[in-house]
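Numbering of ligands and ligand atoms starts at 1, following listing order.
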Amino acid sequence: MSGHGTPIPMTSHACGPLSGEANVPGDKSISHRSLILGAMAVGETKISGLLEGEDVLDTAKAMRAFGAEVIDHGEGKWSVFGVGVGGFAEPDNVIDCGNSGTGVRLIMGAMATTGISATFTGDGSLNKRPMARITDPISLFGAQSVGRSGGRLPMTIVGAPNPVPVRYVVPMPSAQVKSAVLLAGLNAPGHTVVIEKEATRDHTERMLAGFGADISTQDTDEGRVITLVGQPELAPQTIVVPRDPSSAAFPVCAAIITPGSDVLVPNIGLNPTRAGLFTTLREMGADLTYENERTEGGEPVADLRARFSPNLHGIEVDPTRAASMIDEYPVLSVVAANAQGDTVMRGVKELRVKESDRIEAMASGLRANGVDVEDGDDWWIVKGMGQGNVPGGATCQSHLDHRIAMSFLILGMASLSPVSVDDGGPIATSFPIFEPLMKMLGADIKRGAV
Ligand code: S3P
């Protein structure tokens, strides 16, 4: 995939109360990992609730190219017949991961310790993103890589036929990097140790343990020390993918800023490494409650009830929480624009290397819609205007970034004039039912720009 086809301009108009139940799709992080780990197990892994967004479908295609049998049974049910740790076949063709940093980085890690080569590419967004954060650690296992200048895709990885285990301190808070190193460590003999100074989403660790790998985590003064024993035989699993808290963020934030709203978002995973947005919203005065709290598949789960919250106030977001809400800052900035006072977000440098530079993309779109934003290298401040006072009226660029497109469409729901995005196409990468779901709740989203 080289882009998202013909741009799909979309416009969001102020709407009446949002109400009803928002059944959001499966978790993107867990969906990628289910396919990749399924492909590295021996036998049939059964998956239900898989996110069938473009990112995950590209990973499914990639796993087929590496020799796994991947079957789509319909309605989110999939089977993966894995080839075992170290069993990947060399792909006949270039692997196109589309828009997905998670897909390409995890797959590069997974093939880096096998004696095969593969060439990876992606769309205009992915081919701008830094890959040295993966090629550096996999070179320690013995893998080689050659890509474009600045460590960009397209890139060929020559896997290490005789990998050695590594001890690696992850230099930035990144679950993708941590996971790539762990997946590479699967086919290295002995102990691979990964140390992260800040806790990031721990789905890879939990799922590896579920597939039968010997993996342990210790919290130490150095950070979280994760130790994996290499060359296990992974046992196939039956996986029920929980719903994605990062997708839940959109109907939740929309309800909070849209007068009269009351929306239930059922079955959302509240893994502490993912749920930072919800804590932050409550600190800002949002009427957001957790109903029917329970544990499912070892993960805390609740139904989220979000109601219109007229008295939101800006806060200084706890920077130690950044990793647990890294994908949610764009939509948080929309809530911040509707709060009274400043919302200060620090320690968020990673936002600059996502599908787009998310600080720049949101700051320029918010400014175009009449909201004041200040920003620096690793911080930004949104100057809240109070509920319903955002002028709106501008068309924002989505920069091939699904979360930027969805965030601006949420902004339009509570602005004085409609807000447009130049291209809603990328929404299909993570939340293909966003448009019909939000309309069903009462949103007024139309195709075309104003
Ligand atoms: C992800 C990790 C995060 C996140 C991405 C999904 C994952 O990226 O932004 O959407 O599934 O591991 P980083 O690891 O680059 O922070």
Side-chain angles (χ1 to χ4, degrees), residues 25-37 50-51 53-56 58-59 97-110 122 125-126 128-137 151 153 168 170-184 194 196-208 224 226 241-242 244-250 269 271 273-277 299 319 321-332 347-359 361-362 378 400-404 406-407 426-427 429-431:
D27 190 282
K28 182 155 71 74
S29 294
I30 296 175
S31 294
H32 283 295
R33 287 159 174 80
S34 300
L35 293 167
I36 296 169
L37 288 173
L50 190 84
L51 166 63
E54 288 170 0
D55 278 9
V56 175
D58 284 330
T59 289
C97 289
N99 192 248
S100 181
T102 306
V104 76
R105 290 177 173 141
L106 267 55
I107 297 168
M108 281 179 173
S125 155
L126 189 58
K128 283 190 207 147
R129 297 179 68 185
M131 294 299 148
R133 55 180 60 201
I134 302 300
T135 53
D136 286 350
L153 301 178
Y168 191 69
V170 183
M172 68 289 289
S174 169
Q176 292 175 359
V177 176
K178 168 180 66 177
S179 302
V181 179
L182 288 171
L183 293 175
V194 187
E196 57 176 5
K197 292 176 210 140
E198 294 166 51
T200 63
R201 66 191 70 194
D202 59 0
H203 306 303
T204 304
E205 297 93 300
R206 287 174 188 252
M207 293 177 75
L208 276 170
R224 292 178 77 236
I226 305 153
V241 179
D244 198 326
S246 298
S247 295
F250 294 100
N271 178 321
T273 64
R274 293 291 298 280
L277 172 76
E299 300 257 1
R321 200 182 287 153
S324 71
M325 52 182 288
I326 196 67
D327 289 334
E328 284 66 75
Y329 283 94
V331 73
L332 173 65
V348 289
K349 199 173 179 176
E350 281 294 300
L351 289 179
R352 297 217 178 261
V353 290
K354 295 292 178 189
E355 285 83 334
S356 66
D357 174 343
R358 285 183 171 161
I359 297 178
M362 287 309 299
D378 71 342
L400 289 180
D401 188 332
H402 52 133
R403 299 201 199 281
I404 300 300
M406 290 187 278
S407 296
I427 294 171
T429 61
S430 72
F431 198 163

> Does the side-chain contact (heavy atoms from CB on, under 4.5 Å) test come out yes or no for Tyr329 and Arg358, once each step is laid out?
Replying inline: CA-CA 8 Å; Tyr329 283 94; Arg358 285 183 171 161; over 6 Å; no
>> As a quick check of understanding, evaluate side chain to side chain donor-acceptor pair (under 3.5 Å) for Thr102 and Lys28, giving each step before the final call.
In response: CA-CA 9 Å; Thr102 306; Lys28 182 155 71 74; 4.5 Å; no
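Between Leu35 and Leu50 the shortest side-chain heavy-atom distance falls below 4.5 Å.
Atoms of ligand 1 found under 4.0 Å from any heavy atom of Ile326, numbered from 1 in the order shown, are 9 (O). Atoms of ligand 1 found under 4.0 Å from any heavy atom of Ser174 (numbered from 1 in listed order, with element): 13 (P), 14 (O), 15 (O), 16 (O).
Looking at Lys178 against ligand 1, nothing comes within 4.0 Å, counting heavy atoms.
Ligand 1 lies less than 4.0 angstrom from a heavy atom belonging to Lys354. Under the 4.0 angstrom criterion for non-hydrogen atoms, Arg33 is in contact with ligand 1.
Protein heavy atom in closest approach to atom 6 (C) of ligand 1: Thr102 OG1, 3.3 Å.
Under a 4.0 Å N-O distance rule, the pair Asp327/Arg201 qualifies as a salt bridge. Salt-bridge check for Lys354 with Asp401: failed, with every basic side-chain N at 4.0 Å or more from each acidic carboxylate O. Of the charged side-chain nitrogens involved, at least one lies within less than 4.0 Å of a carboxylate oxygen, so that Asp244 and Arg274 count as a salt-bridged pair.
At a 3.5 angstrom cut-off on N or O pairs, Ala175 counts as close to ligand 1. In terms of polar-atom proximity, Ser179 is not counted as a contact of ligand 1, lacking any N or O under 3.5 Å from an N or O of the ligand.
Side chains of His402 and Ser430: a donor-acceptor N/O pair is present below 3.5 angstrom, by distance only.
When the heavy atoms of Asp327, Thr204, Val177 are ranked by distance to atom 4 (C) of ligand 1, first place goes to Asp327.
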